[in-house]
Structures are given as C-alpha cells and as structure tokens.
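A short worksheet on the structure shown next.
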Amino acid sequence: MTSNLVKSYFRMDKLPHIWCPGCGHGIVTRAVIKAIDELELDKDKVCIVSGIGCSSRAPGYLDFNTLHTTHGRALAFATGIKHANPDLEVIVITGDGDCSAIGGNHLIHAARRNIGITAVAFNNNIYGMTGGQYSPTTPTGDKGTTAPYGNIDKGFDICKLAQAAGASYTARGTVYHAQLLTRLIKNGILNKGFSIIDAVSVCPTYYGRKNKKGDAVKMMEWLKDHAVNVAAAAKLPEEKLAGKFLIGELYHNPQPEYTEEYKKITESLRRG
Amino acid sequence: MAVKLKGPVIKEEWCKGCGICAAFCPKNVLKMEGNKVKAVDRDACNNCGLCELRCPDYAIYLEEGEKDDK
Ligand SMILES: Cc1ncc(C[n+]2csc(CCOP(=O)(O)OP(=O)(O)O)c2C)c(N)n1
Ligand code: SF4
Ligand code: SF4
Ligand code: SF4
C-alpha cells in the first residue's frame with residue numbers, strides 16, 4: 001500500500017520517516033523525487049548529497065547514490081563529486097542554516113564557479129534539528145530560542161545571494177505550491193550550471209510554535225496567502241506586494257559550466 | 001475504457017494526522033477523525049492529486065483503476 005513513486009525511489013525499509021507531523025520537508029523531498037522521475041534520470045547517474053539538519057536527513061530515505069556529510073559542507077563535498085564525475089547529476093539537499101549560515105561560504109563559491117550542481121534549500125526559517133535557534137532566513141522580529149525577544153538581524157534572500165555570487169538559475173517554490181516546486185526543481189536540474197531552488201518549507205514544531213503561527217495547515221495557508229508569482233508581481237503596484245514574497249523562476253542566465261571549462265583546459269594541455 | 005484514477009488510498013500506519021490533505025481537498029472528500037484521515041465522500045473525488053502532492057508522510061495517494069461503486 002504505497003504509491004509507485006515512493007516504491008521506486010525510496011528506501012522502503014527506512015520509512016516511515018521521523019520528521020514531525022506536518023513537517024514540510026517530506027513534501028519538498030517528494031517534489032525532488034517527482035522532478036527526477038519526470039526527467040527519467042537514471043538512478044545510478046544521480047548522486048544526492050546533504051549536510052546536517054532535519055532537511056539533510058532526506059537522502060537517508062532515498063534510494064540513489066547518497067552522501068550525508070557534515071554541517072554546512074554539502075556543497076563542498078558535492079563540488080568534489082561533480083569534479084571527479086562530471087556525468088553524474090549531483091543534487092544537494094540542504095537547510096537554510098546548512099547552506100546560508102555555516103555553509104554560506106560554500107554556497108557563494110559553488111555559485112561563483114557555476115558548477116553543475118542543483119541545490120534545493122529546504123528553507124523553514126529556523127534551525128529545526130537543534131531546537132529552534134534563529135537562522136539567516138528568520139524574518140526580522142521573529143523569535144527563536146536564541147532570539148526570545150525577536151531577531152534584530154535582517155534575513156538573507158537565498159536566491160538573490162546566489163544570483164549575485166554567479167548562480168545561473170535561481171527559483172523559489174513552497175510546500176503549498178508543490179506542483180510549481182517540482183517544475184522549478186526540474187528546470188534547475190536541466191540548467192547546466194549552478195542552480196538553487198529556495199524551497200520554502202514549514203517547521204510547525206519550532207518556528208511555528210515559537211512564533212504562534214499555528215499548526216501545519218495554518219502555516220500552509222500563510223504561504224498560500226503571501227506568495228506571489230513573479231509573473232503576476234510584475235503587473236502589480238508596489239503597495240500590493242508589501243509583506244509578500246516572490247515565487248517562480250527568478251533568474252536564468254546560462255553561463256559556461258565549471259567542469260566543462262576544466263575539461264577544455266585538460267584536453268588542450270594533453271593535445272599540446 | 002481509459003484507465004481512470006480510483007480516488008485516494010490511505011496508509012493509516014504512516015498518517016501522522018497533520019490534516020493538510022483534508023484542509024486543502026477541493027471536494028471535501030477527506031475528513032480528520034481523531035488523529036487519522038478518513039475518506040468520507042470518495043465519490044466526490046476528482047482525482048486532482050493535491051492530497052498526494054502535499055502529504056508530508058506519503059500516507060495518501062491515488063490508485064489507478066476503475067472507481068469502485070461501493
Ligand atoms: C559543525 C557543526 N556545528 C553545529 C552543529 C549543530 N547543528 C546540527 S543541525 C544544525 C542546524 C540545522 O538547521 P538547518 O540547516 O536550517 O536545517 P533544519 O534542521 O531546519 O532542516 C546545527 C546548528 C553540527 N552538527 N555541526
Ligand atoms: S523540528 Fe521542524 S524541521 Fe525538524 S522534523 Fe520537526 S517540524 Fe521538521
Ligand atoms: S496529509 Fe498525510 S499525514 Fe497529514 S493527515 Fe493527510 S494522510 Fe495523514
Ligand atoms: S485527489 Fe483531490 S479531490 Fe480527491 S481526495 Fe485528493 S485532494 Fe481530494
């Protein structure tokens with residue numbers, strides 16, 4: 001009694017997973033798998049890499065070549081994997097803490113190189129695994145265990161950060177907009193260089209409770225009411241966009257891919 | 001006859017009772033009963049698949065085949 005999709009791509013002996021009731025990470029994981037399925041990628045030619053966090057647990061449930069690395073370092077390991085095996089489709093599953101706090105430097109350099117990796121940031125605006133500390137994507141004023149009176153930092157926009165650093169594809173989806181999210185991940189994989197998909201997830205257990213956002217259903221409703229598709233946003237006056245955030249494909253500008261450029265150098269030296 | 005989708009199958013052991021599928025089902029097919037979801041109006045299902053897409057626990061999916069009349 002399980003869908004063919006789940007049977008085909010999950011390690012069935014590892015399910016059910018241990019994420020909390022209503023945790024959005026299961027929805028994002030399914031979107032990644034659905035994208036892989038729709039692209040008909042060869043499972044043996046896919047490598048899924050993660051760091052540490054609730055989000056980073058995902059590859060443990062998935063039946064591919066997988067690597068669960070250290071906190072913040074998924075993109076560094078993935079860079080090595082892609083370099084050694086340019087034919088592999090390398091997909092990184094990371095958290096907002098994993099990729100924009102401790103791993104922020106790896107993120108900007110993977111983007112700068114435009115290496116052919118697709119990163120999916122499971123962005124729940126908090127450190128879930130360690131009990132709700134605020135992260136670089138916790139909105140200003142919101143609470144975490146380390147910001148009991150409200151966070152005074154300004155949040156990172158992961159897509160803008162990656163674009164400025166050199167990523168050739170950036171997009172944002174949410175767990176409410178799961179169909180769109182699948183499409184964005186697919187297009188990210190199809191882009192040859194570095195792609196990042198900011199997958200807005202929900203953590204009802206910590207971010208939700210700390211900020212009185214209600215249960216998973218309420219948090220999904222919030223996403224529905226506050227996300228505006230980038231195409232629609234272009235036609236809206238600025239005041240209508242106050243307090244809203246953009247979803248959809250935010251940037252796509254194909255550029256030379258790192259391992260291909262590297263190969264050109266090694267081949268020219270061999271010939272020389 | 002074309003292959004149809006039979007409506008939702010619920011794997012109760014995996015359902016964690018988050019209520020997402022029921023809250024966003026456009027046809028009110030699903031209802032929470034305690035900590036589990038039940039299909040209370042299977043005939044109304046339009047096979048949109050939204051419940052499957054958004055279930056964080058892979059506990060609900062659409063089955064292929066003719067819809068049971070029962
Ligand atoms: C080097 C190191 N520092 C800190 C930790 C503790 N730690 C584990 S997960 C985590 C944050 C996880 O947050 P995020 O990446 O946003 O993922 P989430 O759990 O929210 O999905 C931290 C700080 C660690 N495991 N290793
Ligand atoms: S703590 Fe938050 S992110 Fe971690 S499994 Fe629970 S709901 Fe998900
Ligand atoms: S979405 Fe899944 S886990 Fe949540 S109530 Fe429905 S079947 Fe159960
Ligand atoms: S397929 Fe659509 S209509 Fe049918 S139960 Fe699921 S959400 Fe409701």
Side-chain angles (χ1 to χ4, degrees), chain A residues 1-12 14-35 54-55 58 61-62 122 124 173-183 199 201-205 208 214-224, chain B:
Chain A
M1 271 230 318
T2 309
S3 73
N4 288 331
L5 186 79
V6 171
K7 267 192 262 180
S8 307
Y9 295 104
F10 282 71
R11 294 178 178 144
M12 291 302 291
K14 297 281 190 290
L15 291 178
H17 59 62
I18 64 160
W19 287 315
C20 306
C23 174
H25 290 353
I27 307 176
V28 187
T29 304
R30 187 188 183 281
V32 172
I33 290 314
K34 185 77 177 144
C54 294
S55 35
Y61 299 117
L62 300 176
F122 289 41
N124 55 10
T174 85
V175 289
Y176 178 81
H177 307 84
Q179 243 158 335
L180 171 71
L181 183 59
T182 301
R183 205 157 59 236
S201 184
V202 294
C203 169
T205 303
D215 60 5
V217 169
K218 282 267 164 0
M219 293 179 83
M220 298 274 283
E221 276 167 356
W222 190 92
L223 294 176
K224 176 180 149 201
Chain B
M1 228 189 297
V3 181
K4 287 188 193 147
L5 291 162
K6 233 179 167 179
V9 182
I10 297 162
K11 190 179 176 93
E12 208 174 276
E13 317 90 87
W14 286 9
C15 171
K16 292 182 188 155
C18 69
I20 291 173
C21 58
F24 299 109
C25 168
K27 296 286 172 189
N28 297 316
V29 175
L30 306 167
K31 208 177 149 206
M32 298 312 293
E33 283 180 10
N35 202 30
K36 297 284 172 187
V37 67
K38 293 275 181 299
V40 290
D41 190 5
R42 194 168 271 286
D43 288 343
C45 174
N46 66 4
N47 292 301
C48 67
L50 289 172
C51 51
E52 178 173 350
L53 221 64
R54 298 200 188 111
C55 171
D57 288 278
Y58 320 123
I60 188 165
Y61 65 99
L62 296 183
E63 192 174 35
E64 280 181 13
E66 292 302 313
K67 215 182 221 182
D68 287 333
D69 286 331
K70 293 181 263 158

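Throughout, protein chains are lettered first and strands after them, A, B, ... in sequence-line order, and every chain is numbered starting at 1. Basis for what follows: all heavy atoms, side chains included, without hydrogens, waters or symmetry-related copies.
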Examine whether an atom of B/C15 lies under 4.5 Å from a heavy atom of chain A, and if so say whether it belongs to the side chain, the backbone or both; otherwise answer neither. neither

Would you confirm whether A/H17, through its side chain, and B/P56, through its main-chain N or O, come within 3.5 Å as a donor-acceptor pair? yes

To the closest 0.5 Å, what do you measure between CZ (A/R30) and OH (B/Y58)? 8.5 Å

Working note: B/Y61 + A/N4, criterion side chain to side chain contact (heavy atoms under 4.5 Å, CB included); need CA distance, chi angles, decisive distance, verdict. CA-CA 9 Å; B/Y61 65 99; A/N4 288 331; over 6 Å; no

Turns out that what part of B/L50 lies under 4.5 Å from chain A's heavy atoms comes down to side chain

Pick from A/P204, A/C23, A/P16 with the largest number of heavy-atom pairs that fall under 4.5 Å of chain B: A/P16

Mark yes when over 12 heavy atoms from residues, nucleotides or ligands other than B/K11 sit less than 6.0 Å from its NZ; otherwise mark no. yes

May I ask you to decide if A/I27's main-chain N or O and B/R54's side chain share a donor-acceptor pair within less than 3.5 Å? no

A/I33, part contacting chain B, at a heavy-atom distance under 4.5 Å: neither

Gap separating the CD atom of B/E13 from the CG atom of A/L15, nearest 0.5 angstrom: 12.0 Å

Identify which of B/C55, B/A22, B/C18, B/G49 forms the greatest number of heavy-atom pairs closer than 4.5 Å to chain A. B/C18

Step through the shown structure and confirm whether more than 12 heavy atoms of other residues, nucleotides or ligands are within 6.0 Å of NZ on B/K31. no

Is it the case that more than 12 heavy atoms not belonging to A/K7 sit under 6.0 Å from its NZ atom? yes

What are the two closest non-hydrogen atoms of A/V217 and B/A23, and how far apart are they? CG1-CB, 3.5 Å

B/K16 and A/W19 have their tightest heavy-atom pair at NZ-O, 2.6 Å

Using heavy-atom distances under 4.5 Å, tell me whether A/Y176 contacts chain B through its side chain, its backbone, both, or neither. both

Atom pair NE2/CG of A/H177 and B/L53 - distance to nearest 0.5 Å: 12.0 Å

d(B/C48 SG, A/Q179 CD) to nearest 0.5 Å is 8.5 Å

Measuring from atom CH2 of B/W14 to atom OG1 of A/T2, what distance do you get when rounded to the nearest 0.5 angstrom? 4.5 Å

